[in-house]
Amino acid sequence: MTTEGKNGTAVRPKLPPWLKVSMPGSRRYLELKQMMRGHQLHTVCEEAHCPNIGECWGRGTATFMILGDICTRRCHYCAVTTGRPQGLDLQEPGRLAETVKKMGLRYCVITSVNRDDLADGGAFIFASCINRIRSESPDCKVEVLIPDFAGSREALAKVMDAGPDVLNHNIESTKRVFPRVRPKGDYRRSLELLANAKELDPGAVTKSGIIVGMGESVDEVLETMEDLREVDCDLLTIGQYLRPSAKHIAISRFYHPSEFSELARKGEEMGFKHVASGPLVRSSYHADEQHDAAVISV
């Protein structure tokens, strides 16, 4: 779908009307941005160029990105900077907990870059963040969106022992497309992580996400949804891929809102407790509402 401009440079395709959003700029948005910088915190909202940043920050919610802003992997759809991270900030959980308390959040989402340079992939910091937030803001629910920890069950156990309210790990794409867009990941490993989370805590709420428009077919999306249900994944998000730059994988096509609605309907038939499916849906979009749906359905 990507056209070429002068000198063969890639031009981003024209967005359909249902993908156009207003530029962020509300008072609450500006307050949160200043607060993040003041506490030296990163958000995936900014790093991944999330189209919902204005809406979410305007309503006082954000997804915090811990373990720095440099990722050890280079996924071909992701805008986060790739490189070699420097060190580990052991004070980060405390700063994060303080910010969550100041914001008065009732629901907090924590994610991270991949840290393959660390023995446990950063699992200890995830667990520390959960514990510190619980200490400072006992009424705040905590969802974690974790990397695959290179398949380490021991690293996953550190996070599960801290008792997150939702354990999220995005599979991102279908089995066939996966190696092309996530060359350092593994489709089966991601499914095993979700299965292991349930084994470690049978009562845990698990969640995953799929990005469409990277070359997959609808039937392949449905197959991935079935694979997620086979490992008893409870919650699912499905959203449209938006190419961050000409260096990233091209958009194969834009799904129509009606197609997202149909995927949600089929997901609910498969047994997901909640499916958030739409052009602008991302992993943590209205995550509190998804959590509540999972709890109600128990």
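Computed from a prediction, not measured in an experiment: that's the story for all the values here.
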Return all side-chain donor-acceptor pairs below 3.5 angstrom for residues 172-179, not counting sequence neighbours, or 'none' if the list is empty.
residue, atom, partner, partner atom, Å
Glu172, OE2, Tyr77, OH, 3.4
Arg176, NE, Glu220, OE2, 2.6
Arg176, NH2, Gly215, O, 2.8
Arg176, NH2, Glu220, OE1, 3.0

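- Under the 4.5 Å side-chain criterion, counting only non-hydrogen atoms from C-beta, Val80 is not in contact with Asp69.
- With sequence neighbours excluded, no residue forms a salt bridge (charged side-chain N to carboxylate O under 4.0 Å, His left out) with Asp227.
- A salt bridge is absent between Glu154 and Lys158: the closest approach of a Lys/Arg side-chain nitrogen to an acidic carboxylate oxygen does not fall below 4.0 angstrom.
- By the side chain to side chain contact (heavy atoms under 4.5 Å, CB included) test, Ala127 pairs with Ala162, sequence neighbours left out.
- Within a 6.0 Å radius of CD in Gln91, no more than 12 heavy atoms belonging to other residues, nucleotides or ligands are found.
- Taking Asp186 as the reference, nothing meets the salt bridge (charged side-chain N to carboxylate O under 4.0 Å, His left out) condition, with sequence neighbours excluded.
- Each of His248, Lys247, Arg243 was checked for a side chain to side chain donor-acceptor pair (under 3.5 Å) with Ser245, and the lone residue meeting it is His248.
- Considering only residues two or more places apart in sequence or on other chains, His291 meets the side-chain hydrogen bond (donor to acceptor under 3.5 Å, both in side chains) condition with none of them.
- Every residue meeting the ring pair (Phe, Tyr, Trp, His ring centres under 6.0 Å) condition with Tyr255, not counting sequence neighbours, appears here in chain and number order: Phe260.
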Side chains of residues 136-145: which donor-acceptor partners sit under 3.5 Å, not counting sequence neighbours?
residue, atom, partner, partner atom, Å
Glu143, OE1, Tyr107, OH, 2.6
Glu143, OE2, Asn168, ND2, 3.4
Glu143, OE2, Lys207, NZ, 3.1

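- To the nearest 0.5 angstrom, Ser208 atom OG is 6.5 Å from His169 atom NE2.
- With hydrogens and angles disregarded, no donor-acceptor distance shorter than 3.5 Å links the side chain of Asp234 to the backbone of Lys273.
- At most 12 non-hydrogen atoms from other residues, nucleotides or ligands lie less than 6.0 angstrom from CZ of Arg74.
- With hydrogens and angles ignored, the 3.5 Å screen pairs no side-chain donor or acceptor of Thr63 with any backbone N or O of Ile110.
- Scanning for side-chain hydrogen bond (donor to acceptor under 3.5 Å, both in side chains) contacts around His256 gives Ser258, with sequence neighbours left out.
- Under the rule for a side-chain hydrogen bond (donor to acceptor under 3.5 Å, both in side chains), the partners of Arg189 that lie at least two apart in sequence or sit in another chain are Asp148.
- Checking Ser252 against Tyr241 by side-chain atom types alone, no donor-acceptor pair falls below 3.5 Å.
- For the salt bridge (charged side-chain N to carboxylate O under 4.0 Å, His left out) test, no residue two or more places apart in sequence or in another chain qualifies with Glu223.
- Shortest non-hydrogen contact noted between Met160 and Ala204 is CE-CB, 3.7 Å.
- Among all heavy-atom pairs drawn from Leu67 and Gly121, the shortest one is CD1-O, 4.0 Å.
- In this structure, Thr72 contributes its side chain and Asp116 its backbone to a donor-acceptor pair below 3.5 Å.
- Between atom CD1 of residue Ile171 and atom CD1 of residue Ile211 there is a gap of 12.0 Å, rounded to the nearest 0.5 Å.
- With sequence neighbours left out, Ser128 forms a side chain to side chain contact (heavy atoms under 4.5 Å, CB included) with Pro93, Phe124.
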_Before you tell me yes or no, could you show the steps for Glu192 and Arg188 under salt bridge (Lys or Arg N to Asp or Glu O under 4.0 Å), namely the whole-Å CA-CA distance, both residues' side-chain angles and the distance that decides it to 0.1 Å?_
CA-CA 6 Å; Glu192 289 176 352; Arg188 183 53 53 183; 5.5 Å; no
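- For the pair Arg229 (side chain) and Cys233 (backbone), a donor-acceptor distance under 3.5 Å is present.
- Between the side chain of Thr82 and the backbone N or O of Arg73 there is at least one donor-acceptor pair closer than 3.5 Å.
- Taken to the nearest 0.5 Å, the CZ atom of Arg134 stands 12.0 Å off from the SG atom of Cys129.
- Listed by chain and residue number, Asp288 satisfy the side-chain hydrogen bond (donor to acceptor under 3.5 Å, both in side chains) test with Arg106 (two or more places apart in sequence, or in another chain).
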| task | For salt bridge (Lys or Arg N to Asp or Glu O under 4.0 Å), just list the numbers for Glu98 and Lys102, CA-CA rounded to whole Å, side-chain angles, deciding distance to a tenth of an Å, and then say yes or no. | result | CA-CA 6 Å; Glu98 182 182 351; Lys102 285 184 177 180; 3.4 Å; yes
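- Arg84 and Asp117 are not joined by a salt bridge, as no carboxylate oxygen comes within less than 4.0 angstrom of a charged side-chain nitrogen.
- Summarising the geometry of Leu191 relative to Val231, their closest heavy-atom pair is O-CG1, 3.7 Å, with the distance given to 0.1 Å.
- Note that CG of Leu156 and CD of Glu199 are 10.0 Å apart. Values are rounded to the nearest 0.5 Å.
- The line from CG of Leu15 to CD of Gln240 is 9.0 Å long, rounded to the nearest 0.5 Å.
- Salt bridge absent: Lys198 and Asp201 never bring a charged side-chain N and a carboxylate O closer than 4.0 Å.
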